[in-house]
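Notes follow the structure.
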Amino acid sequence: MTDGARAATPPGVRPREAETHCPYCALQCGMVLRAEGDRVEVLPRQFPTNRGGLCQKGWTAAELLDHPERLTTPLLRDASGELRPATWDAALDRIAAGIRAVQSGHGRDAVAIFGGGGLTNEKAYALGKFARVALRTRHIDYNGRWCMSSAAAAGIRAFGVDRGLPFPLADLARADTLLLVGANPAETMPPLMRHLADQRQRGGRLIVVDPRVTATARQADLHLQPLPGTDLAVANALLHIALTEGLVDKAYVDARTSGFEQVRRTVAGYWPAEVERLSGVPVADLEATARALADGSAIILTARGAEQHAKGVDTVSAFVNLALALGLPGRPGSGYGCLTGQGNGQGGREHGQKSDQLPGYRKIDDPAARAHVAGVWGVDPDDLPGPGVPAYRLLDSLGTPGGPRAMLVFGSNPVVSAPRAARVTERLRALDLLVVADFLLSETAALADVVLPVAQWAEEEGTMTNLEGRVLRRQALRPPPPGVRTDLDILAGLAARLDDGAPDTGPAAPPTAGTGTDAATAPPAGRAARQFPTDPRVVFAELRRASAGGPADYAGITWERIERDEGVFWPCPDPAGPDAPRLFADRFPTPDGRARFHPVTHRPAAEEVCAEYPLHFTTGRVLAQYQSGTQTRRVAALRRAAPGGFVELHPDLADRLGVDEGDELVVTSRRGELRAPARLSPTIRPDTVFAPFHWGGAARANSVTNDATDPVSGMPEFKICAVRVEKA
């Protein structure tokens with residue numbers, strides 16, 4: 001909570017409260033915010049996902065609202081190279097002039113937008129619309145490309161749809177066996193562990209696949225500890241065993257799937273003994289896992305450990321193949337799912353932030369999709385740009401011949417979060433114009449020509465979509481501080497200037513309490529104001545129309561229904577009809593209603609170890625920090641719990657290197673180096689070192705990571721590269 005010495009609520013005045021959701025991960029835990037005077041505290045809330053629980057990040061989330069480092073005025077870089085306070089008119093005028101100059105000299109695609117997986121649905125939708133209507137650029141993507149894109153692509157090609165969990169979280173407790181692949185929810189989303197505890201209490205088994213003995217793996221009945229980058233081979237071996245032992249559900253495969261025969265032939269070569277040699281996972285553990293998954297109900301969940309590879313789509317497909325062969329998807333307490341990472345990682349990719357998508361999870365190169373969305377937007381379908389390029393390719397092209405020369409960044413910090421981060425930093429510096437909208441001066445904002453202060457989660461209305469596909473309401477506790485605007489206000493102000501030079505009218509007034517979802521109207525101003533309203537209720541109503549008929553159909557979802565029903569699961573096409581907490585019970589949303597197998601084969605990591613770089617390097621998160629750390633590194637309690645980066649290595653490796661606990665280490669790859677103290681742990685493989693990715697500066701893990709990407713999803717290979725380790 002904020003400083004308790006601040007003014008208290010006057011006698012007789014009731015504290016203000018707002019029911020909302022945590023600003024961090026995709027679990028989107030329910031919470032209550034209470035303001036007494038200037039003091040804000042977080043209170044528990046009984047919500048289905050977290051049932052009153054929060055992790056340390058959630059309990060301390062309100063401390064950022066009045067943080068002394070919070071940005072409250074725009075900043076412009078002056079002739080001396082310093083960022084100086086400026087007015088909103090000066091900031092927006094400079095951005096508009098810069099965009100005009102760049103597009104006049106280099107074409108519309110010379111301006112790019114980079115969004116974030118923490119933006120509300122309304123802001124993600126408006127950002128995609130702004131790129132395609134106001135800027136008419138094809139260059140938009142977002143940091144969610146580095147979170148869920150591999151699982152999304154695998155889900156679409158197998159099931160015809162991408163929803164992280166096609167069932168509610170509560171179903172986890174119904175599974176006789178849970179298989180977690182590359183997932184560590186005990187540290188990344190602790191309240192989820194309550195559902196796993198329920199599963200264990202009723203006699204269920206937990207199996208974890210992870211190169212490290214994580215906090216989650218320590219609770220498992222069986223832990224498979226493969227070499228990083230070999231998960232695909234492990235999945236194919238599990239299906240091989242299921243075939244040889246007669247565990248495949250032939251009736252399900254025949255009735256509800258297609259393409260199995262080719263997969264059967266492919267996995268025939270994945271003998272368990274050969275996969276043991278490749279991955280290090282004992283044959284006995286592979287056999288025990290396959291038998292457990294076939295014994296009753298089972299759920300297979302993947303996360304970043306399996307997905308953040310240059311073969312991430314194929315790796316996820318291998319586990320989807322396994323789930324389909326065992327007849328799991330669509331059955332109670334069974335199925336395949338993905339644990340989405342970022343707060344709105346699901347909704348953020350459904351409504352237009354991705355380079356190849358339009359709202360409702362429509363494909364931007366589909367003529368029917370273009371016609372529908374263009375009709376909602378009031379533009380000619382031919383005026384909509386085509387597909388852009390995935391996030392890393394976009395960042396890598398900045399400032400190069402033919403690449404974008406200006407970029408607007410909303411809700412992301414690629415200087416810390418992007419692979420091969422030193423290269424990305426160079427590309428950002430090469431731009432003619434870099435604009436960053438944030439509420440703290442991130443490492444990326446520190447490079448910007450213009451920095452725009454924006455509202456925080458407790459100061460704006462909107463919706464988020466959690467890892468279950470449950471659309472949630474975010475309620476505002478208070479307005480933003482003076483001088484701070486919402487992202488919707490910023491987009492409207494820029495659109496007005498780019499449209500006809502109309503003067504900016506300042507932030508819109510908040511919506512009137514009690515108005516219906518469709519009752520609020522757009523500000524009575526010019527064309528740009530009509531196209532880019534600042535009231536999130538109006539934006540959501542338009543989003544509903546734009547998504548109608550698409551795979552992610554929100555047409556039947558209203559804010560009132562969300563509040564009444566504790567969230568609404570998409571697809572939900574009819575306001576009076578049911579939503580969809582569970583998918584695939586009767587058919588899959590494919591042309592023939594069948595799920596599709598895809599044969600996939602193991603291939604080595606994009607970069608293998610060698611004499612010069614003899615160790616495997618992998619990255620991940622720690623309990624007290626989140627993503628690039630822009631927020632959590634500024635919370636005192638979280639900083640005490642996790643004060644800085646480190647390099648985790650096995651004691652046997654430390655002995656070979658002459659390293660003691662706490663020694664400063666240098667980890668070097670072909671792309672760069674990181675420096676951080678050693679942390680010795682017997683729970684990691686002796687051939688692998690680990691570093692968390694929450695810190696910038698010398699401890700920046702992504703200085704080292706590989707920028708090789710998956711050819712289908714564009715996912716970079718964060719989880720494995722070759723390094724050497726030395727004492728500093």
Side-chain angles (χ1 to χ4, degrees), residues 48 148 151-181 195 199 202 204-205 207 235 238-239 242-243 247-261 263-264 290 292-302 316-340 346 350 361 465-470 550-553 567-573 577-598:
M148 275 285 295
I156 289 170
R157 73 184 189 182
F159 306 129
V161 69
D162 157 38
R163 200 178 88 182
L165 294 184
F167 44 76
L169 270 174
D171 279 15
L172 298 182
R174 304 170 65 182
D176 295 317
T177 300
L178 277 176
L179 177 65
L180 302 185
V181 186
H195 299 280
Q199 188 252 358
R202 58 173 295 275
R205 293 157 294 202
I207 303 174
L238 294 174
L239 183 47
L243 280 161
L247 305 176
V248 169
D249 187 334
K250 190 174 184 302
Y252 180 99
V253 170
D254 290 344
R256 302 207 56 194
T257 73
S258 63
F260 178 66
E261 182 58 28
V263 168
R264 186 192 64 76
L293 290 170
D295 182 18
S297 60
I299 291 176
I300 299 172
L301 299 177
T302 63
V316 174
S317 291
F319 284 101
V320 170
N321 289 340
L322 176 64
L324 289 172
L326 296 175
L328 305 181
R331 291 183 170 173
S334 293
Y336 163 80
C338 171
L339 295 178
T340 306
Q346 182 69 57
E350 294 169 359
Y361 225 134
T465 305
N466 78 347
L467 77 173
E468 308 163 291
R470 187 195 304 250
D553 191 333
V568 181
F569 294 86
W570 69 260
C572 182
D579 63 348
R582 292 177 182 85
L583 304 179
F584 315 147
D586 302 313
R587 60 176 282 121
F588 295 91
T590 58
D592 61 1
R594 291 171 173 260
R596 297 166 292 205
F597 282 93
H598 282 269

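For clarity, every value in this text was computed on a predicted model and none was experimentally measured.
Leu239 places a side-chain heavy atom less than 4.5 Å from the side chain of Asn321. Between Leu179 and Phe319, the closest side-chain pair of non-hydrogen atoms falls below 4.5 Å. The shortest distance between side-chain heavy atoms of Val320 and Phe597 does not fall below 4.5 Å. Side-chain contact check for Asp553 versus Trp570: every heavy-atom pair is 4.5 Å or farther apart.
Within the 3.5 Å criterion, the main-chain N or O of Ala292 finds a donor-acceptor partner in the side chain of Thr177. Judged purely by atom type and a 3.5 angstrom limit, Asp176 has no side-chain atom pairing as donor or acceptor with the backbone of Gly296. The backbone N or O of Arg174 sits less than 3.5 Å from a side-chain atom of Ser297, completing a donor-acceptor pair. Looking only at distances, a side-chain donor or acceptor of Arg594 sits under 3.5 Å from a matching main-chain atom of Asp254. Within the 3.5 Å criterion, the main-chain N or O of Leu324 finds no donor-acceptor partner in the side chain of Tyr336. Judged by distance alone, the side chain of Thr340 and the main-chain N or O of Gly164 form no donor-acceptor pair under 3.5 Å. Between the side chain of Glu468 and the main chain of Leu169, a donor-acceptor pair closer than 3.5 Å is present. A distance-only check finds a donor-acceptor pair linking the side chain of Gln199 to the backbone of Arg205 [under 3.5 Å]. Remark: the backbone N or O of Leu467 is not paired with any side-chain donor or acceptor of Arg163 at under 3.5 angstrom.
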Q: Start with the C-alpha distance between Leu328 and Ile299, add both sets of side-chain angles, then the distance that settles side-chain contact (heavy atoms from CB on, under 4.5 Å), and finish with yes or no.
A: CA-CA 7 Å; Leu328 305 181; Ile299 291 176; over 6 Å; no

Discussion item. Between Leu172 and Phe167, does the side-chain contact (heavy atoms from CB on, under 4.5 Å) criterion hold? Intermediate values first, please.
Written reply: CA-CA 9 Å; Leu172 298 182; Phe167 44 76; 4.1 Å; yes

### Message
Run the side-chain contact (heavy atoms from CB on, under 4.5 Å) test on Val161 and Phe584 for me, step by step, so that the C-alpha distance in whole Å, both residues' side-chain angles and the decisive distance to 0.1 Å come before the verdict.
### Response
CA-CA 10 Å; Val161 69; Phe584 315 147; 3.7 Å; yes

Discussion item. Walk me through whether Arg470 and Asp579 qualify under salt bridge (Lys or Arg N to Asp or Glu O under 4.0 Å).
Written reply: CA-CA 10 Å; Arg470 187 195 304 250; Asp579 63 348; over 6 Å; no

### Message
Test salt bridge (Lys or Arg N to Asp or Glu O under 4.0 Å) on Arg582 and Asp171; report intermediate values, then the result.
### Response
CA-CA 10 Å; Arg582 292 177 182 85; Asp171 279 15; 2.8 Å; yes

Margin query: Pair Leu165, Leu301 - check side-chain contact (heavy atoms from CB on, under 4.5 Å), show working.
Written below: CA-CA 9 Å; Leu165 294 184; Leu301 299 177; 3.7 Å; yes

Exercise for the section: Check the pair Asp249, Arg331 against salt bridge (Lys or Arg N to Asp or Glu O under 4.0 Å), reporting the backbone distance first and the verdict last. Expected result: CA-CA 13 Å; Asp249 187 334; Arg331 291 183 170 173; 2.9 Å; yes

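The structure places CD1 of Ile207 at 5.5 Å from CG of Leu293, a figure rounded to the nearest 0.5 Å. The CD1 atom of Ile156 sits 13.0 Å away from atom OG1 of Thr590, with the distance rounded to the nearest 0.5 Å. The CD atom of Gln346 sits 8.5 Å away from the SG atom of Cys338 when rounded to the nearest 0.5 Å. The CD1 atom of Ile300 sits 9.5 Å away from the OG atom of Ser334 when rounded to the nearest 0.5 Å.
Legend: residues meeting ring pair (Phe, Tyr, Trp, His ring centres under 6.0 Å) with Phe569, ordered by chain and number and at least two apart, are absent.
When all heavy atoms are compared, the tightest approach of Phe159 to Pro589 is O-CD, 3.1 Å. Contact detail for Asp592 and Arg587: the closest heavy-atom pair is C-NH2, 4.1 Å. Scanning all heavy atoms of the two residues, the minimum distance from Gly577 to Cys572 falls at O-SG, 4.5 Å. Taking both residues in full, the closest heavy atoms of Pro591 and Arg596 are given as CD-NH1, 4.0 Å, listed atom of the first, atom of the second, then distance. Nearest heavy-atom pair, Ala173 versus Arg202, reported as atom, atom and distance to 0.1 Å: O-CD, 2.7 Å. The heavy-atom pair separating Ala235 from Ala318 by the smallest distance is CB-CB, 3.5 Å.
Arg157 and Ser317 are linked by a side-chain donor-acceptor pair at a separation below 3.5 angstrom, with hydrogens and angles left out of the test.
Taking a 6.0 Å sphere around CG of Asp586, one finds it holds 12 or fewer heavy atoms contributed by other residues, nucleotides or ligands.
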